Amino acid sequence: VSGIIGVFTSGGDCCGLNAAIRAVTLKATSSGKRVFGFRFGSDGLIRKDFVELTPDVVSHSIFSRGGSFLGCMSKGGPLVYENDQGQHIDTVELFANAYKDLGLESIIAIGGDGSFSIMQAMMNRYGINVVGIPKTIDNDLGEMDISIGFSSGVQRIVESIDALHMTGESHQRTFVVQVMGRDAGHLALAGGIASAADIILIPEIAYTPSIVAEKLKSIYTSGRKSAIVVVAESIRNSDGSTMMVKDTVNNRERYEGAAHYLSGWIEETLGIESRPVVLGHVQRGGVPTAFDRILASQMGVTAVELALQHKYGTVVVLKNNKISYLPIQDTIKSYNAVELDSIMVRVARGLNICLGDQY
Ligand code: F6P
């Protein structure tokens with residue numbers, strides 16, 4: 001056996017990460033490589049905290065679990081590391097030193113744009129050999145159709161809203177369901193379409209309150225006394241301000257309040273009984289869909305193939321329904337927001353789902 005490939009999962013977790021680690025391990029070990037799995041993302045590389053991954057370690061039981069059995073890390077800026085004394089240090093040099101000390105020949109980073117920026121800097125400054133695998137439930141990475149985790153995130157939304165339809169009809173209530181999606185409406189749009197929502201509000205389309213009110217009124221006057229409103233966490237208030245709160249532990253901002261605001265507004269303005277439901281991190285856990293398991297397996301195997309062919313500085317992508325790869329910088333520099341003429345927007349409109357705008 002010659003050569004060691006490192007692997008870690010970085011950024012927010014999602015379903016399919018374990019399937020990707022498993023695929024990397026099985027393909028690499030059967031190709032004569034050793035695999036070191038770093039704990040808690042790139043942090044584990046800096047700390048040299050790893051477990052040697054063998055086929056036994058990545059048995060089928062991890063396949064059906066969300067999360068990452070290696071752990072994830074999503075704190076701090078992408079190129080800055082906070083040590084135990086709270087000092088900020090240049091991460092890239094620490095990575096490079098650990099990489100050399102451990103004798104790694106390449107690293108496979110399973111992450112989002114933050115992790116890919118670190119990888120890009122490691123490659124540019126220290127010539128480190130990296131291959132990326134994209135994951136994010138938000139599906140907002142540029143230059144690709146879909147990343148690992150999105151399908152399972154949508155599935156969680158659908159399971160939850162199916163349940164809410166039942167209780168909503170029994171009690172003649174509207175539910176305002178807040179879903180994740182940091183600055184992108186893909187989860188809201190796909191989750192709402194797949195669960196027969198009546199109204200879907202996304203950050204890419206500014207909503208007009210009176211249009212939302214008219215849609216709800218028309219549902220109630222038609223005889224149905226319940227409705228489902230799906231709202232992306234990142235929509236803006238009607239005055240354009242965002243619904244952000246400060247996360248005092250990590251010193252970052254996060255979205256909070258969209259469902260509570262809208263639900264209160266529906267009760268006050270329309271006299272319709274309404275309840276806010278914040279799905280939150282439920283969307284990131286649970287059982288990975290078959291689609292995510294297959295996508296993660298395809299990407300894990302392909303990432304090792306790229307590493308074996310020395311095609312470094314690349315990210316595996318599903319693009320135009322085909323697995324291929326792109327230079328890392330292409331995936332970092334472009335952002336994938338919902339396009340207003342996309343099939344998903346057209347489908348929503350075709351199904352008479354109100355998107356909060358005049359159409
Ligand atoms: O980017 C993935 C995501 O789940 C977003 O949809 C959400 O805004 C954010 O992460 C939540 O982050 P955290 O887990 O740090 O609260």
Side-chain angles (χ1 to χ4, degrees), residues 8-17 20 40-43 66-68 70-78 80-82 109-118 132-142 144 146-161 177-192 200-204 230-236 242-261 276-286 288-289 292 295-296 315 331-332 334-338:
F8 60 73
T9 49
S10 201
D13 71 343
C14 63
C15 283
L17 296 177
F40 299 104
S42 45
D43 205 39
S68 165
L70 289 174
C72 287
M73 189 202 54
S74 59
K75 62 174 178 171
V80 175
Y81 174 72
E82 192 178 308
I110 307 169
D113 50 357
S115 325
F116 294 165
S117 303
I118 299 176
I133 296 179
K135 63 87 226 169
T136 162
I137 66 163
D138 297 348
N139 207 30
D140 57 356
L141 287 165
M144 60 190 81
I146 193 163
S147 52
I148 295 173
F150 179 66
S151 155
S152 303
V154 172
Q155 186 65 26
R156 289 302 87 76
I157 295 171
V158 171
E159 290 158 3
S160 306
I161 296 182
V177 188
Q178 182 177 316
V179 302
M180 282 186 163
R182 211 181 156 90
D183 307 315
H186 299 288
L187 274 175
L189 202 49
I200 303 174
L201 304 180
I202 58 174
E204 293 87 348
V230 174
V231 56
E233 61 178 2
S234 45
I235 56 151
R236 292 166 174 24
T242 54
M243 304 203 203
M244 285 277 197
V245 295
K246 190 90 179 172
D247 174 342
T248 46
V249 175
N250 290 321
N251 202 26
R252 284 185 308 169
E253 290 192 309
R254 67 164 191 270
Y255 287 112
E256 203 170 283
H260 285 77
Y261 169 77
V277 176
V278 179
L279 292 187
H281 292 79
V282 163
Q283 296 157 93
R284 299 220 309 229
T289 57
D292 265 333
L295 180 66
V315 172
T331 62
I332 305 170
S334 62
Y335 182 76
N336 174 26
V338 171

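Given the structure is predicted, the values throughout are model-derived calculations rather than measurements. Just follow the structure's listing: the first ligand is 1, and inside any ligand the first atom is 1. Starting from 1, each residue takes its place in the sequence as its number.
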Worksheet entry | Polar contact flag for His281 and ligand 1 (N/O pairs, less than 3.5 Å) | yes

Worksheet item: What atoms of ligand 1 come closer than 4.0 angstrom to any heavy atom of Arg182?
Response: 6 (O), 8 (O)

Worksheet item: Is a side-chain donor or acceptor of Ser152 paired with a backbone partner of Thr289 at a separation under 3.5 angstrom?
Response: yes

Discussion item. Is there a side-chain contact between Asp183 and Asp140 in this structure, where contact means two heavy atoms from C-beta onward sitting under 4.5 Å apart?
Written reply: no

Response to the item:
The protein heavy atom nearest to atom 8 (O) of ligand 1 is Glu233 OE2, 2.5 Å

Discussion item. Would the distance check show the side chain of Arg252 and the main-chain N or O of Asp247 forming a donor-acceptor pair, the cut-off being under 3.5 Å?
Written reply: no

Practice prompt. State the CD1-CG distance between Ile157 and Leu279, to the nearest 0.5 angstrom.
Written response: 6.5 Å

Worksheet entry | Sub-4.0 Å heavy-atom contact, Gly181 with ligand 1 | yes

Worksheet entry | Protein contact of atom 3 (C) of ligand 1 - nearest heavy atom, named by residue and atom, plus distance | Arg284 NH1, 3.5 Å

Item to complete: Evaluate side-chain contact (heavy atoms from CB on, under 4.5 Å) for Ile235 paired with Tyr255, printing each intermediate quantity in order.
Response: CA-CA 9 Å; Ile235 56 151; Tyr255 287 112; over 6 Å; no

Item to complete: Could you walk me through whether Thr331 and Met144 pass the side-chain contact (heavy atoms from CB on, under 4.5 Å) test, one step at a time?
Response: CA-CA 8 Å; Thr331 62; Met144 60 190 81; 3.9 Å; yes

Practice prompt. Given side-chain contact (heavy atoms from CB on, under 4.5 Å), test His186 with Asn336 step by step and report yes or no.
Written response: CA-CA 9 Å; His186 299 288; Asn336 174 26; 3.7 Å; yes

Worksheet item: Any nitrogen or oxygen of Thr136, main chain or side chain, under 3.5 Å from a nitrogen or oxygen of ligand 1?
Response: no

Worksheet item: Which protein non-hydrogen atom lies closest to atom 15 (O) of ligand 1, naming both residue and atom, and how far is it?
Response: Arg252 NH2, 3.0 Å

Fill in: Protein heavy-atom partner closest to atom 2 (C) of ligand 1 - residue, atom, separation in Å
Asp138 OD2, 3.5 Å

Worksheet item: Is there any N or O on Ile137 that sits under 3.5 Å from an N or O of ligand 1?
Response: no

